[in-house]
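Written out below as structure tokens is the structure these notes cover.
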There are 2 protein chains.
Amino acid sequence: MEPEILELERFLPYRLYRLADTVSREFSKIYKERHGLTRPEWRTLSGLGQRGTMTATELGEQSAMHKTKVSRAVAELERRRWLTRNPDRNDRRIEHLALTRAGLAAYREMVSLANAFERELLARLSAEERAAIVKGVAALEGRLGGAWAKY
Amino acid sequence: MEPEILELERFLPYRLYRLADTVSREFSKIYKERHGLTRPEWRTLSGLGQRGTMTATELGEQSAMHKTKVSRAVAELERRRWLTRNPDRNDRRIEHLALTRAGLAAYREMVSLANAFERELLARLSAEERAAIVKGVAALEGRLGGAWAKY
DNA sequence: CCAAATTTGTTTCATTTGTAACCATTGAAA
DNA sequence: TTTCAATGGTTACAAATGAAACAAATTTGG
């Protein structure tokens, strides 16, 4: 028999969203205050720093961003001279994106801030709680995979 | 010693955000297709259905929404005649919001769809995985609480 | 009692977002 | 080949968002 009401505070989609939103806003203060980056710009910086070189489509796949977000973030980082576009030899639709020296410097700085942020976040939890969140998130990711190339 | 790179796919803030975003988008299809609701409108409907009556400020606290979102969602639900505003006897700044019969009907329908959605989401996980996600989310919520009345 | 500060909620404006249309190029089919 | 569909990426437009200014009512502190 169906319950008549729904407790928003116990509804997993809501709880997940609120949690992610809070954590993400907290973290965004760091790259916003330090470098004036938006979230798509941070993800672009992060993706290229990690992988070295990617096309816009690959960036979108890696960081779960809509292609218009990628396009705009890339344009802005290029304007800052934090990345360069290199043509593909065989396919002129494609550009290989890579960080410049300045982009890489910003990336390295952000990496240590990001790691510190995550460490401090997890430090608030007990060992079992840390294990639980990681296991639970991984499990859901596994069952949703594929859903997030779409958008 | 600090790692030089950061793997976005393992970075908890990113993973949480992507997961929540995917789940939320999936769920939003339901209220969007069924009733043409936005997320703030859904949360408003849900909050009032659950609690019966609330002021705009209380709604914002319960559902973690910015006051401008609340204001707009309430205006739209009022336009649909899904809720009514009732003046407060002692404080004329306040209005007590409540669902109309039509609003309540929509709410009841949404409750069963929401419950089904959550059930199906959790059904993809093993019992331990379900326990893990719930425990992990609750733990983080507990350590972040208070952070989300702000915005 | 009165002025200043606070609270509640709305509105304005600039920014961010996403859908859809678009251009250029490439690949596939005839 | 020549066409037609698919792909990579940008742009234009409309909708959603949030910060800040605002009006109205209430509370607080002389």
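Values reported hereafter were calculated over all heavy atoms of this structure, with side chains retained and with hydrogens, waters and symmetry mates removed. Residue numbers start from 1 in every chain, and the chains themselves are labelled A, B, ... in the order their sequence lines are given, proteins ahead of strands.
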Between C1' of dT17(C) and NZ of Lys32(B), the distance in whole Å: 12 Å

Donor-acceptor contact present, side-chain Arg143(B) to main-chain Ala139(B), <3.5 Å: yes

First of Ala56(B) and Asp91(A) reached from the 5' end of DNA chain C, by closest nucleotide: Ala56(B)

Tyr17(B) versus Arg39(A), side-chain donor and acceptor atoms under 3.5 Å: yes

Spatial distance of atom CD (Glu129(B)) from atom NZ (Lys135(A)) [nearest 0.5 Å]: 6.5 Å

Whether Phe117(A) and Phe27(A) hold their rings parallel, tilted or perpendicular, with breakpoints at 30° and 60°: tilted

Dump the pairs, protein N or O against N or O of nucleotides 12-17 of chain D, anything under 3.5 Å, distances to one decimal.
{"from": "dA12(D)", "atom 1": "N6", "to": "Arg72(A)", "atom 2": "NH2", "distance (Å)": "3.0"}

Nearest-0.5 Å distance that lies between atom CG in Leu83(B) and atom CD in Glu41(B): 10.0 Å

Length of the CZ-P vector between Arg89(B) and dA25(D), whole Å: 18 Å

Rounded distance in Å - CG (Asp88(B)) to P (dT8(C)): 11 Å

Leu48(A) side, atom CG; Leu59(A) side, atom CG - distance, nearest 0.5 Å: 4.5 Å

Below 4.0 Å: OP1/OP2 of dT26(D) and any side-chain N or O of Arg92(B): yes

Donor-acceptor contact present, side-chain Arg43(B) to main-chain Ser63(B), <3.5 Å: yes

Atom pair OG1/CD of Thr55(A) and Glu95(A) - distance to nearest 0.5 Å: 10.0 Å

B/S/- contact track for nucleotides 1-7 of chain D, protein heavy atom under 4.0 Å: -----BB

Interatomic distance, Arg85(B) CZ vs dG9(C) P [rounded to whole Å]: 9 Å

Atom pair OG (Ser28(A)) and CH2 (Trp42(A)), whose distance is rounded to the nearest 0.5 Å: 11.5 Å

Beyond-backbone contact of His96(B) with Met54(B), side-chain heavy atoms, under 4.5 angstrom: no

Euclidean distance, atom CG of residue Leu97(B) to atom P of dT8(C) [Å, nearest integer]: 13 Å

Sugar-phosphate, base or nothing in reach of Asn90(B), heavy atoms under 4.0 Å: sugar-phosphate

Whole-Å gap separating P (dT27(D)) and CD1 (Ile94(B)): 9 Å

Nearest-angstrom distance from the residue atom CE of Met54(A) to P of dG9(D): 12 Å

Interatomic distance where NE2 belongs to His66(B) and P belongs to dT11(C) [whole Å]: 14 Å

DNA chain C contacts made by residues 76-84 of chain A, counting heavy atoms under 4.0 Å: none

Pair Glu58(A) + Arg51(A), salt bridge at N-O below 4.0 Å: no

